[in-house]
Undergrad: 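To start, I am sharing the structure in question, which I have written as structure tokens.
In this chain, numbering begins with 1 at the start of the sequence shown.
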Amino acid sequence: MNADTQHLLGLNKEQKEAATHLKGPLLIVAGAGAGKTKTITHRIVNLIKNGVSPERILAVTFTNKAAKEMRERVIAEIKKNAKGQDKIPFISTFHSLGVHIIKENARLLGLTKYFSIFDEGDTTTMIKDIMKELGIDPKQHDPKKIKNIISREKGKFTNLSDYTEKESGVYGGMVAQIWNLYEKRKEKENGLDFDDLLLKATKLLKDNLEVRKNYQEKWEYIHIDEYQDTNEVQYLMSKILAEKSKNICVVGDADQNIYSWRGANLKNILSFEKDYPDAKIVLLEENYRSTKNILEVANEIIRKNKYRPDKNLFTKNENGEKIGLYEALDENDEAEFVATKILELLDGGANLSLQGVSQADGPRGSAPLASGDSDPEKTEFAPPSEIAVLYRANFQSRALEEAMLRYNIPYQVLGVKFFERKEIKDTLAYLRAALNKDSLRDIKRIINFPARGIGKVTLVKIFANDLENLPIKVKIKIDNFYKTLEEIREKIHTSKASDIIKFVVKKSGIETELSSGGEEDKERLENIKELATLALKYDNLENGLGIERLLEDASLASDQDSIMHNEEKKEKINTVKLMTVHASKGLEFKKVFITGLEDGLFPHERHNEDADTDREEERRLFYVAVTRAKEKLFLSFANFRTIFGSRNINAPSEFISDIPADLLEKEGENGRIKTIYL
């Protein structure tokens with residue numbers, strides 16, 4: 001093989017076919033564990049080897065973790081196979097791409113460069129405040145539900161006037177009224193929510209010929225990962241960017257579409273050939289992750305769905321162990337099984353390194369692990385980090401966490417975000433308020449932290465610009481606060497990101513406040529120091545760009561970033577991961593437990609109009625859960641489960657009966673696998 005094709009070594013026939021396709025639309029249907037990231041990476045490198053400038057290439061995915069992995073792989077392959085090339089493609093998430101386009105065209109949208117990004121918590125709080133102002137009881141009408149309705153409509157590319165016109169009922173009218181005030185509040189604060197990042201960027205591309213032409217010429221080759229998860233706005237953004245060149249490569253799997261509840265439209269991937277009649281289709285069916293038995297279960301499960309292209313995963317891996325099935329009495333018995341089985345899978349705790357890990361970061365429990373009663377000749381040990389416990393709904397974690405604590409098993413609940421801790425949000429609020437003087441939510445958060453004797457009444461007068469009747473001492477305190485913000489702003493434009501964090505903590509008084517407190521406060525200070533360490537990676541960016549990027553990444557952090565953050569610290573925390581099946585998308589583990597396989601829980605009982613569509617999505621969700629496992633899969637269900645204070649009798653999930661009996665083996669003393677197959 002010559003030097004020009006050296007980079008294609010290690011690809012199978014189908015992967016190579018996708019990687020070497022140069023011109024025109026390309027659909028890569030990639031099954032779970034089929035090496036899609038590897039294929040996209042080599043395709044990008046192949047384009048560069050064939051004379052395409054890296055700056056002309058765009059690659060978009062959904063999570064920061066996936067974007068980081070792709071970026072690192074592309075850089076490594078460019079260094080190895082395109083020596084002398086110092087440019088890299090633009091690789092980001094959809095939301096980061098939206099931020100990039102908006103910042104480059106902020107003036108056209110009536111925004112400043114330093115607009116604020118409201119996270120989901122900020123958005124819900126703002127909607128709740130608006131409801132109170134309108135005299136609407138948040139206990140009667142859930143603010144989060146209203147936020148989700150607005151978000152869903154934006155994802156469909158629906159604007160407020162369209163929504164108001166189509167929703168004539170009382171509830172729809174109430175949502176429209178809240179939505180209207182919500183948009184005005186954001187505009188006043190020079191801020192956008194997550195949905196705006198996509199909506200405004202796409203609207204700009206659609207309506208402004210000059211902007212559209214600029215980005216179409218800038219990015220001649222477009223790559224969209226997880227295409228089955230795109231909503232209407234993301235679909236439209238992708239289509240507009242690729243409109244001129246038609247060099248669009250989308251990668252996805254209809255069997256892993258699990259986000260319809262937040263607007264993901266399965267039709268986008270199913271209709272790709274209709275959108276691009278001359279598209280080349282490549283099917284990646286060879287799985288490199290799981291054993292034959294696990295894949296057979298996955299194929300049997302998903303085969304029942306009607307709305308999917310025909311695909312059958314296969315692997316050259318070994319058959320592997322059968323799938324363990326445990327029939328529990330109740331959720332506590334189920335959690336007991338999971339915990340004791342994990343003890344069997346762990347290598348006696350000999351490899352655990354728990355020093356320096358905070359309770360907030362996981363793990364919970366720090367005593368040495370018991371070795372369990374497993375036979376070492378029959379059990380393949382796994383470190384805690386290679387074990388995951390999945391569940392359909394968040395409430396299921398309670399019993400599981402209690403069992404982990406009882407057996408001193410180190411664990412981490414995925415979803416506890418580093419950037420959502422109070423002390424981290426306080427520190428970042430100082431930075432945002434310094435850059436965006438209109439960010440009232442940030443000023444409200446920090447103006448009296450640390451305590452400055454500025455109460456709620458004073459705060460109202462500040463926001464109303466009514467300072468004349470305030471006591472002179474209070475005026476001095478307010479002036480000093482705003483002087484602090486001004487000093488931080490100046491520092492941002494002249495210093496490194498990590499030094500700015502240190503400056504904020506000292507100048508604001510946070511360091512003095514926390515260092516003089518108890519153990520909990522000292523731990524919070526340690527977390528802020530970790531933020532300064534994290535900021536080191538932005539130190540190479542000058543003129544305030546480092547802090548700008550840090551704030552952007554903090555706002556767009558996902559659940560999986562709690563794992564990514566630990567990896568960046570070079571100390572992959574050795575913990576068992578507990579998470580919902582939705583949060584597990586894109587991850588893989590040697591040993592996986594899928595709990596709560598009961599009718600009504602998984603598959604989850606929904607009350608939508610299209611029951612068949614809902615049922616197919618639940619089946620896809622189970623398929624995603626199964627295909628997270630590399631070596632061993634455990635399934636469990638409970639005969640009784642207490643939900644919202646009510647103890648229910650459950651039937652086993654239909655998914656269990658879909659699995660061939662010869663692939664299942666009984667787990668535990670109480671397992672009664674035969675009763676399912678009478």
Side-chain angles (χ1 to χ4, degrees), residues 99 111-129 185-186 188-194 360 417-456 458-460 462-463 477-493 495 497-514 517 521 523-532 534-535 538 544 546-557 561:
V99 170
L111 295 164
T112 69
K113 182 184 178 184
Y114 298 115
F115 65 85
S116 295
I117 300 173
F118 299 158
D119 64 26
E120 297 210 9
D122 296 324
T123 302
T124 304
T125 300
M126 191 178 287
I127 287 174
K128 187 176 181 180
D129 290 343
R185 187 72 53 85
K186 282 187 298 162
K188 184 180 179 182
E189 293 199 29
N190 187 38
L192 302 175
D193 63 25
F194 284 176
K417 300 179 190 175
F418 177 74
F419 291 115
E420 287 198 351
R421 294 172 187 157
K422 180 187 181 301
E423 60 275 16
I424 301 301
K425 294 194 84 167
D426 289 338
T427 307
L428 295 178
Y430 271 97
L431 295 169
R432 279 195 297 265
L435 290 171
N436 178 13
K437 59 182 175 53
D438 295 320
S439 184
L440 301 183
R441 69 190 174 105
D442 288 314
I443 291 171
K444 182 179 178 182
R445 182 182 188 96
I446 59 175
I447 197 167
N448 204 39
F449 179 77
R452 296 182 177 88
I454 300 173
K456 290 182 179 179
T458 304
L459 192 62
V460 170
I462 292 170
F463 288 172
K477 290 174 182 177
I478 294 168
D479 285 343
N480 287 338
F481 170 73
Y482 279 102
K483 280 177 185 175
T484 298
L485 293 184
E486 188 56 41
E487 286 182 54
I488 293 171
R489 183 183 178 91
E490 289 173 9
K491 193 82 173 173
I492 286 172
H493 293 292
S495 304
S498 57
D499 290 336
I500 295 162
I501 301 295
K502 296 171 189 173
F503 178 78
V504 167
V505 178
K506 284 184 181 295
K507 188 67 183 176
S508 66
I510 290 176
E511 185 175 48
T512 304
E513 176 86 5
L514 296 181
D521 283 338
E523 186 179 318
R524 285 176 176 168
L525 187 56
E526 287 300 315
N527 285 333
I528 296 175
K529 288 178 180 177
E530 179 56 38
L531 178 63
L534 182 66
Y538 302 93
I547 287 297
E548 197 178 328
R549 187 67 56 80
L550 171 62
L551 290 173
E552 180 185 321
D553 288 350
S555 296
L556 301 179
D561 290 333

Undergrad: Decide yes or no for Thr458 and Ile447: does some side-chain heavy atom of the first lie under 4.5 Å from some side-chain heavy atom of the second?
TA: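 Result no, sub-4.5 Å side-chain heavy-atom pair not found.
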
Undergrad: Locate the shortest heavy-atom distance separating Val505 from Ser508; write the atom from each residue and the value.
TA: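 Where Val505 meets Ser508 most closely, the heavy atoms are O-OG, 3.5 Å.
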
Undergrad: Any side-chain heavy atom of Lys437 within less than 4.5 Å of one from Arg489?
TA: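 A side-chain contact is absent here, since even the closest heavy-atom pair is not under 4.5 Å.
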
Undergrad: Would you please name every residue forming a side chain to side chain contact (heavy atoms under 4.5 Å, CB included) with Asp479, sequence neighbours left out?
TA: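 Once residues adjacent in sequence are excluded, Asp479 has no partner under the side chain to side chain contact (heavy atoms under 4.5 Å, CB included) criterion.
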
Undergrad: Compare all side-chain heavy atoms of Glu490 with those of Glu486 and state whether any distance is below 4.5 angstrom.
TA: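 Heavy-atom side-chain distance check passes, below 4.5 Å.
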
Undergrad: Calculate, to the nearest 0.5 Å, the distance between atoms CD and CG belonging to Glu523 and Leu525 respectively.
TA: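 That separation rounds to 11.0 Å.
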
Undergrad: Are side-chain heavy atoms of Leu534 and Phe419 found at a separation under 4.5 Å?
TA: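 Touching, per the 4.5 Å side-chain cut-off.
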
Undergrad: Atom CD1 of Ile510 and atom CD1 of Ile446: how far apart are they, to the nearest 0.5 Å?
TA: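 Interatomic distance, Ile510 CD1 to Ile446 CD1, rounded to 0.5 Å: 8.0 Å.
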
Undergrad: For Ile462 and Phe481: C-alpha separation, side-chain torsions, deciding distance, then whether side chain to side chain contact (heavy atoms under 4.5 Å, CB included) applies.
TA: CA-CA 12 Å; Ile462 292 170; Phe481 170 73; over 6 Å; no

Undergrad: Roughly how far apart are Phe118 CZ and Lys186 NZ, rounded to 0.5 Å?
TA: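 Those atoms lie 7.5 Å apart.
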
Undergrad: Pair Asp438, Thr112 - check side chain to side chain contact (heavy atoms under 4.5 Å, CB included), show working.
TA: CA-CA 10 Å; Asp438 295 320; Thr112 69; 5.7 Å; no

Undergrad: Salt-bridged, Glu526 to Lys529, with N to O below 4.0 Å?
TA: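 Counted as a salt bridge, because a side-chain N and a carboxylate O are separated by less than 4.0 Å.
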
Undergrad: Does the pair Phe449 and Lys422 meet the rule for a side chain to side chain contact (heavy atoms under 4.5 Å, CB included), with working shown?
TA: CA-CA 11 Å; Phe449 179 77; Lys422 180 187 181 301; 4.1 Å; yes

Undergrad: Distance from Lys491 atom NZ to Ile500 atom CD1, nearest 0.5 Å?
TA: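 Between atom NZ of Lys491 and atom CD1 of Ile500 there are 8.0 Å.
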
Undergrad: How long is the gap from CD1 on Ile492 to CG on Asp499, to the nearest 0.5 Å?
TA: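 Here the rounded value is 12.5 Å.
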
Undergrad: Do the side chains of Tyr482 and Ile443 get nearer than 4.5 Å, heavy atoms only?
TA: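 When only atoms from C-beta onward are counted, Tyr482 and Ile443 do touch, with a gap below 4.5 Å.
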
Undergrad: Looking only at non-hydrogen atoms, find the nearest pair between Gly546 and Ala497 and report the distance.
TA: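 Nearest pair, atom of Gly546 first, then Ala497: C-CB, 4.3 Å.
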
Undergrad: With sequence neighbours left out, write down each residue that passes side chain to side chain contact (heavy atoms under 4.5 Å, CB included) with Thr484, or none if nothing qualifies.
TA: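 Only Ile488, Lys507 meet the side chain to side chain contact (heavy atoms under 4.5 Å, CB included) criterion with Thr484.
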
Undergrad: Within the 3.5 Å criterion, strictly below it, is a donor on Asp193 or Thr123 matched to an acceptor on the partner's side chain?
TA: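 Side-chain D/A pair, Asp193 to Thr123: absent.
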
Undergrad: On a heavy-atom basis, which atom in Ala532 and which in Ser498 lie closest, and how many Å separate them?
TA: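 So the minimum-distance heavy-atom pair works out to O-CB, 3.4 Å.
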
Undergrad: Under a 3.5 Å distance rule, please check whether Asn190 uses its side chain to pair with a backbone N or O of Asn436 as donor and acceptor.
TA: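 Judged by distance alone, no pair lies under 3.5 Å.
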
Undergrad: Is there a donor-acceptor pair under 3.5 Å between the side chain of Glu511 and the backbone N or O of Lys506?
TA: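 No, because the side chain of Glu511 does not come within donor-acceptor range (under 3.5 Å) of the backbone of Lys506.
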
Undergrad: Near Glu487 CD, under 6.0 Å, is it more than 12 heavy atoms from other residues, nucleotides or ligands?
TA: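 Atom CD in Glu487 is packed in, count exceeds 12.
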
Undergrad: Would you give the length of the straight line joining atom CD of Glu423 to atom CG of Leu428, rounded to the nearest 0.5 angstrom?
TA: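 Interatomic distance, Glu423 CD to Leu428 CG, rounded to 0.5 Å: 10.5 Å.
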
Undergrad: Is there any side-chain hydrogen bond (donor to acceptor under 3.5 Å, both in side chains) pair reaching into residues 441-455, and which pairs are they, with sequence neighbours excluded?
TA: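 Counting only pairs at least two positions apart or across chains, the side-chain hydrogen bond (donor to acceptor under 3.5 Å, both in side chains) contacts touching residues 441-455 are Asp122-Arg441, Asp426-Arg445, Tyr430-Arg452, Arg432-Asp442, Ser439-Asp442.
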
Undergrad: Do Arg524 and Asp521 pass the side chain to side chain contact (heavy atoms under 4.5 Å, CB included) test, and can you show the C-alpha distance, the side-chain angles, and the key distance before you say yes or no?
TA: CA-CA 5 Å; Arg524 285 176 176 168; Asp521 283 338; 3.6 Å; yes

Undergrad: Just wondering, do Leu550 and Ile547 contact through their side chains at under 4.5 Å, heavy atoms?
TA: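 Sidechains of Leu550 and Ile547: in contact.
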
